[in-house]
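Owing to the predicted nature of the structure, the values given are computational and were not obtained by experimental measurement. Proteins come first, then strands; the chains are lettered A, B, ... in the order of their sequence lines, and each starts at number 1.
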There are 2 protein chains.
Amino acid sequence: MPRAGLTPDTVVREAARLADEVGHDRLTLAALATRLGVALPSLYKHVRGADALAQRLSVLATAELADEMTAAAAGHAGADALRAVATAYRAYARRHPGRYPAAQRAPDPADAEHQAAGERAVGVVYAVLRGYGVTGEPAVDAVRMFRSAVHGFVSLEAAGGFGLPQDVDRSFERLLDGLDAAFRSWPTH
Amino acid sequence: MPRAGLTPDTVVREAARLADEVGHDRLTLAALATRLGVALPSLYKHVRGADALAQRLSVLATAELADEMTAAAAGHAGADALRAVATAYRAYARRHPGRYPAAQRAPDPADAEHQAAGERAVGVVYAVLRGYGVTGEPAVDAVRMFRSAVHGFVSLEAAGGFGLPQDVDRSFERLLDGLDAAFRSWPTH
DNA sequence: CCTTAAAGCTAATGTCATTAGCCAATGCCG
DNA sequence: CGGCATTGGCTAATGACATTAGCTTTAAGG
């Protein structure tokens with residue numbers, strides 16, 4: 001019987017696709033093995049187990065998200081950059097409903113690649129805030145507000161937490177206006 | 001052998017305590033049964049299964065959260081009310097790390113009690129916004145921003161998503177200042 | 001070729017959720 | 001006070017999943 005020709009990368013990438021299709025919670029080694037045409041234990045030749053896979057998936061998703069945020073920021077400044085980055089963030093989460101929750105796993109301090117991806121994503125937000133004149137210690141707080149608001153919106157949206165039929169896109173626009181107002185009046189000390 | 005004397009309520013409440021102790025993801029029917037001094041299948045006499053338990057837990061947590069938000073809002077107005085309610089929200093999430101994620105489950109449209117609890121929690125936020133003169137359709141968007149920011153902050157905090165050692169309490173205060181700025185300039189049409 | 005690292009397999013174990021069906025404690029009603 | 005229905009608890013059986021151990025065979029390199 002011919003080999004399947006898997007590598008750790010193949011496995012993680014297929015896991016990402018599968019997660020997007022069936023949902024983060026239904027991503028299972030069993031389903032992944034079936035998808036790859038392989039018996040379940042064979043996966044252990046490429047990943048150390050379910051937890052390690054989740055970890056690798058988090059790295060992948062964080063890096064992709066950082067890439068898209070970076071690309072979105074290019075050529076924009078101020079409120080414009082804020083909109084572009086946040087919109088890219090939300091678009092990624094909607095396009096990859098399985099990957100996105102995976103990215104929420106806290107970066108493993110022992111994994112340099114994971115750390116780097118996380119810092120890259122956060123770095124884009126710092127750059128946006130620099131456009132508001134927000135730097136240094138206050139920027140730490142501002143980054144946290146950005147992440148909280150955008151992540152919160154995106155995850156409530158994904159969970160079906162917005163019950164009313166009212167236009168969700170418009171609500172997101174208002175949220176961005178709100179963040180803009182907040183950052184324009186952000187303390188500098 | 002004497003009976004354990006369980007009721008659906010006993011079971012759900014113990015599940016809530018257990019979830020707070022071991023974490024939402026490690027709340028398992030097996031562990032719950034052990035905790036209650038009963039064999040696992042016996043639980044099925046009181047709850048329909050793991051999913052139904054999660055549902056009941058969501059109702060419990062949502063109602064508790066709504067209660068605490070309501071209590072916190074009493075006697076406050078404007079920015080003061082905003083702070084009080086948001087702080088109560090965060091305090092609940094920190095005090096009940098297992099219940100809080102359970103509350104994020106979207107209210108079941110078929111469960112009137114669940115719907116009511118959700119609406120009660122959201123109602124407190126509407127009341128806060130009324131203090132800013134924000135009502136009607138724009139209030140829908142504002143409520144969503146409030147929920148996004150506070151839920152996002154709280155869940156990133158719980159997930160260990162704030163890597164830097166920088167004071168998290170202060171960041172939350174700044175977030176509240178930011179929300180205040182946003183709501184003070186909220187559009188009225 | 002022929003050897004060997006590794007990719008894949010089957011088998012075994014353990015945890016959990018769920019369903020079926022049995023038995024005994026409890027409480028009601030005569 | 002006693003009989004009986006209700007029902008809360010049990011054990012046993014099944015099935016999904018993750019993990020580990022250990023075997024086999026592919027396929028790549030000397």
Side-chain angles (χ1 to χ4, degrees), chain A residues 1-60 97-99 101-102 105 108 110-111, chain B residues 1-61 97-99 101-102 104-105 108 110-111:
Chain A
M1 44 199 85
R3 291 197 177 174
L6 303 182
T7 68
D9 256 42
T10 329
V11 170
V12 173
R13 266 203 280 270
E14 192 62 34
R17 269 183 236 118
L18 181 55
D20 284 341
E21 287 176 26
V22 305
H24 174 258
D25 45 317
R26 293 201 205 162
L27 170 61
T28 183
L29 291 185
L32 180 56
T34 302
R35 176 70 90 85
L36 290 166
V38 123
L40 197 164
S42 304
L43 295 178
Y44 283 78
K45 296 288 170 164
H46 306 287
V47 294
R48 296 172 78 74
D51 191 69
L53 178 65
Q55 153 78 21
R56 298 289 311 262
L57 203 51
S58 179
V59 177
L60 172 73
R99 285 152 147 101
R105 185 189 177 100
D108 177 1
D111 184 340
Chain B
M1 46 197 80
R3 292 195 175 175
L6 302 182
T7 68
D9 256 42
T10 326
V11 171
V12 172
R13 266 203 277 269
E14 192 60 35
R17 269 183 236 119
L18 181 55
D20 284 340
E21 287 177 27
V22 304
H24 174 257
D25 44 318
R26 294 200 204 163
L27 171 60
T28 182
L29 291 186
L32 181 56
T34 302
R35 177 69 90 83
L36 290 166
V38 124
L40 198 164
S42 304
L43 296 178
Y44 283 77
K45 297 288 169 156
H46 307 288
V47 294
R48 296 172 79 70
D51 192 70
L53 178 64
Q55 153 78 23
R56 298 289 310 264
L57 203 49
S58 179
V59 178
L60 172 72
R99 287 151 145 101
Q104 296 314 311
R105 186 189 176 101
D108 178 0
D111 183 340

Distance (rounded to the nearest 0.5 Å) between [X] [atom1] and [Y] [atom2]:
X	Y	atom1	atom2	value
B:Leu57	B:Arg99	CG	CZ	7.5 Å
A:Leu43	A:Leu53	CG	CG	8.5 Å
A:Arg17	A:Leu27	CZ	CG	13.0 Å

Which pair of non-hydrogen atoms, one from [X] and one from [Y], has the smallest distance, and what is that distance?
X	Y	result
B:Asp51	B:Arg105	OD2-NH2, 3.1 Å
B:Leu6	B:His46	O-CE1, 3.2 Å
B:Leu29	B:Gly49	CD1-C, 4.4 Å
B:Ala16	B:Leu60	CB-CD2, 3.6 Å

End-to-end bend of the helix from C:dC1-D:dG30 to C:dG30-D:dC1 (five-pair axes, 10° rounding)?
-> 10°
The single option from A:Val47, A:Val38, A:Leu18, A:Leu40 that satisfies side chain to side chain contact (heavy atoms under 4.5 Å, CB included) with A:Leu32 is A:Leu18
Atom-pair distance (CG on A:Leu32; P on D:dA16), nearest Å =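 That distance rounds to 18 Å.
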Name every residue in residues 13-26 of chain A that has at least one heavy atom under 4.0 Å from any atom of DNA chain D, in order of residue number, or write none if there are no such residues.
-> none
Which of residues 39-56 of chain B have a heavy atom under 4.0 Å from DNA chain D?
-> B:Ala39, B:Pro41, B:Ser42, B:Lys45, B:His46
Any B:Thr28 side-chain N or O less than 4.0 Å from OP1/OP2 of C:dA17 = yes
Short N-O contact, B:Glu21 and B:Arg35, less than 4.0 angstrom =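 The answer is yes: the pair qualifies as a salt bridge.
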Salt bridge flag under 4.0 Å for residues A:Asp111 and A:Arg56 = no
